[in-house]
There are 2 protein chains.
Amino acid sequence: MDYTTILSALAEPNRLQIVELLRKSPLTVGEIADHLDIRQPQASKHLRVLHKAGMVEFTVEANRRIYKLRSEPFKALDLWLKEYRDIWEEKFDNLDCYLQDLQKKVNKENEN
Amino acid sequence: MDYTTILSALAEPNRLQIVELLRKSPLTVGEIADHLDIRQPQASKHLRVLHKAGMVEFTVEANRRIYKLRSEPFKALDLWLKEYRDIWEEKFDNLDCYLQDLQKKVNKENEN
DNA sequence: TAAATATATTCCTTGACAGGAATATTCTCC
DNA sequence: GGAGAATATTCCTGTCAAGGAATATATTTA
């Protein structure tokens with residue numbers, strides 16, 4: 001899954017809004033369509049694009065599907081964006097470095 | 001400048017590559033066209049889109065234009081992405097919280 | 001001033017994609 | 001099993017964006 005897939009999935013206004021909605025809580029297709037004031041088929045189609053991009057997943061609940069965000073693409077975007085941080089964070093003083101290293105260690109320990 | 005503008009600017013493969021290139025160093029239009037193996041007019045057009053999205057700026061140097069990245073849209077994306085961090089960083093232990101608060105204080109002091 | 005270089009712009013064509021409408025599929029409940 | 005609800009899919013149409021080719025604009029150099 002490459003970046004342009006994720007980015008073009010997010011570039012469509014309705015899909016971006018869907019993602020914003022799902023950030024707060026998982027939702028069914030109908031609920032999403034209601035919130036965005038779009039018709040159900042469009043909601044389904046947008047969700048399909050998001051799903052193919054790996055950005056959402058769903059659980060089947062009777063004849064409804066409950067969609068929620070997946071973390072991986074956001075992690076990927078974050079990783080990509082990290083590479084650009086030194087464009088605007090040119091200044092690293094000692095305390096900053098110390099805290100960042102310490103933070104990394106803590107995160108690493110939490111993975112186990 | 002809203003997010004979808006930035007995202008659709010980045011969603012095009014050639015433009016994403018241009019951004020990746022400019023991350024390393026500023027470049028002229030011709031150099032960009034060479035690197036991406038595209039024709040000069042397409043490079044100009046893509047740069048125009050990136051410029052309208054506020055992602056690049058240029059300095060005029062004789063009859064050449066030297067393009068470089070602007071930091072603002074990346075800051076904006078980073079800010080947007082921050083809102084999604086708790087999707088995958090669900091676990092906050094005490095040490096984590098302590099360090100994050102401390103980090104915020106440090107950043108705030110650096111702004112002055 | 002003429003030629004050459006670097007870049008931007010315009011026009012045209014083609015392909016992708018979003019929305020509308022209708023329909024198919026799947027499940028629940030009576 | 002039939003009706004209704006929730007969701008997915010298909011077909012159609014219009015719009016928009018990217019690439020190609022040609023041209024315009026600006027700047028340097030001879």
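All chains are named by letter (A, B, ...) in the order of the sequence lines, taking the proteins before the strands, and each is independently numbered beginning at 1. What's counted below: heavy atoms across the whole structure, side chains too, no hydrogens, waters or symmetry copies.
Nucleotide D/dA6 holds its P atom 13 Å from the CD1 atom of A/I66, rounded to whole Å. Residue A/L10 contributes atom CG, which lies 13 Å from atom P of C/dA18 at whole-angstrom precision. Computed from coordinates, the B/L36 CG to D/dA18 P distance equals 14 Å when rounded to whole Å.
Shown here are the salt bridge (Lys or Arg N to Asp or Glu O under 4.0 Å) partners of A/E20, two or more places apart in sequence or in another chain: A/R23. B/R70 pairs by the salt bridge (Lys or Arg N to Asp or Glu O under 4.0 Å) definition with B/E72, not counting sequence neighbours. Annotation: ring pair (Phe, Tyr, Trp, His ring centres under 6.0 Å) contacts of A/Y84 (sequence neighbours excluded): A/W80, B/F74. Every residue two or more places apart in sequence or in another chain that forms a salt bridge (Lys or Arg N to Asp or Glu O under 4.0 Å) with A/K82 is listed here: A/D78. With sequence neighbours left out, the salt bridge (Lys or Arg N to Asp or Glu O under 4.0 Å) criterion links B/K75 to no other residue.
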So which protein nitrogen or oxygen atoms get under 3.5 Å of nucleotides 2-5 of chain D's nitrogens or oxygens?
| from | atom 1 | to | atom 2 | distance (Å) |
| --- | --- | --- | --- | --- |
| D/dA5 | N3 | A/N63 | ND2 | 3.4 |

Listing time: all N or O pairs from protein to nucleotides 19-25 of chain D that are below 3.5 Å?
| from | atom 1 | to | atom 2 | distance (Å) |
| --- | --- | --- | --- | --- |
| D/dG19 | OP1 | B/N14 | ND2 | 2.7 |
| D/dG19 | OP2 | B/H46 | NE2 | 2.7 |
| D/dG20 | N7 | B/Q42 | NE2 | 3.1 |
| D/dG20 | O6 | B/K45 | NZ | 2.8 |

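Taken residue by residue, residues 51-60 of chain A places no heavy atom nearer than 4.0 Å to DNA chain D. Scanning residues 15-34 of chain B for heavy-atom distances under 4.0 Å to DNA chain D yields B/R15.
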Can you give me every donor-acceptor pair (side chain of residues 5-12 of chain A, partner residue at least two apart or in another chain, under 3.5 Å) with its distance?
| from | atom 1 | to | atom 2 | distance (Å) |
| --- | --- | --- | --- | --- |
| A/T5 | OG1 | A/D2 | OD1 | 2.5 |
| A/S8 | OG | A/T4 | O | 2.5 |
| A/S8 | OG | A/T5 | O | 3.4 |
| A/E12 | OE1 | A/N14 | N | 2.8 |
| A/E12 | OE1 | A/R15 | N | 3.0 |

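With rounding to the nearest 0.5 angstrom, the CZ atom of A/R85 is 13.0 Å from the OG atom of B/S71. Note that CG of B/L36 is 11.5 Å distant from CD of B/Q42, once rounded to the nearest 0.5 Å.
Comparing A/S8 and B/A43 against DNA chain C, the residue whose closest nucleotide sits nearer the 5' end is B/A43.
Side-chain contact between A/Y67 and A/L22 is present, with at least one heavy-atom pair separated by less than 4.5 Å.
Looking at B/V19, B/I18, B/L50 one by one, the single match for side chain to side chain contact (heavy atoms under 4.5 Å, CB included) with B/V56 turns out to be B/L50.
A/Y67 has no side-chain polar atom (N or O) that falls below the 4.0 Å cut-off from OP1 or OP2 of D/dA6.
Residue pairs that meet the salt bridge (Lys or Arg N to Asp or Glu O under 4.0 Å) test with at least one member in residues 43-62 of chain B, sequence neighbours left out, are B/E57-B/K68. Screening residues 27-52 of chain A for ring pair (Phe, Tyr, Trp, His ring centres under 6.0 Å) gives A/H51-A/F58 as the qualifying pairs, with residues at least two apart or on separate chains.
Counting all heavy atoms, side chain and backbone alike, A/A43 lies closest to A/A33 at CB-CB, 4.0 Å.
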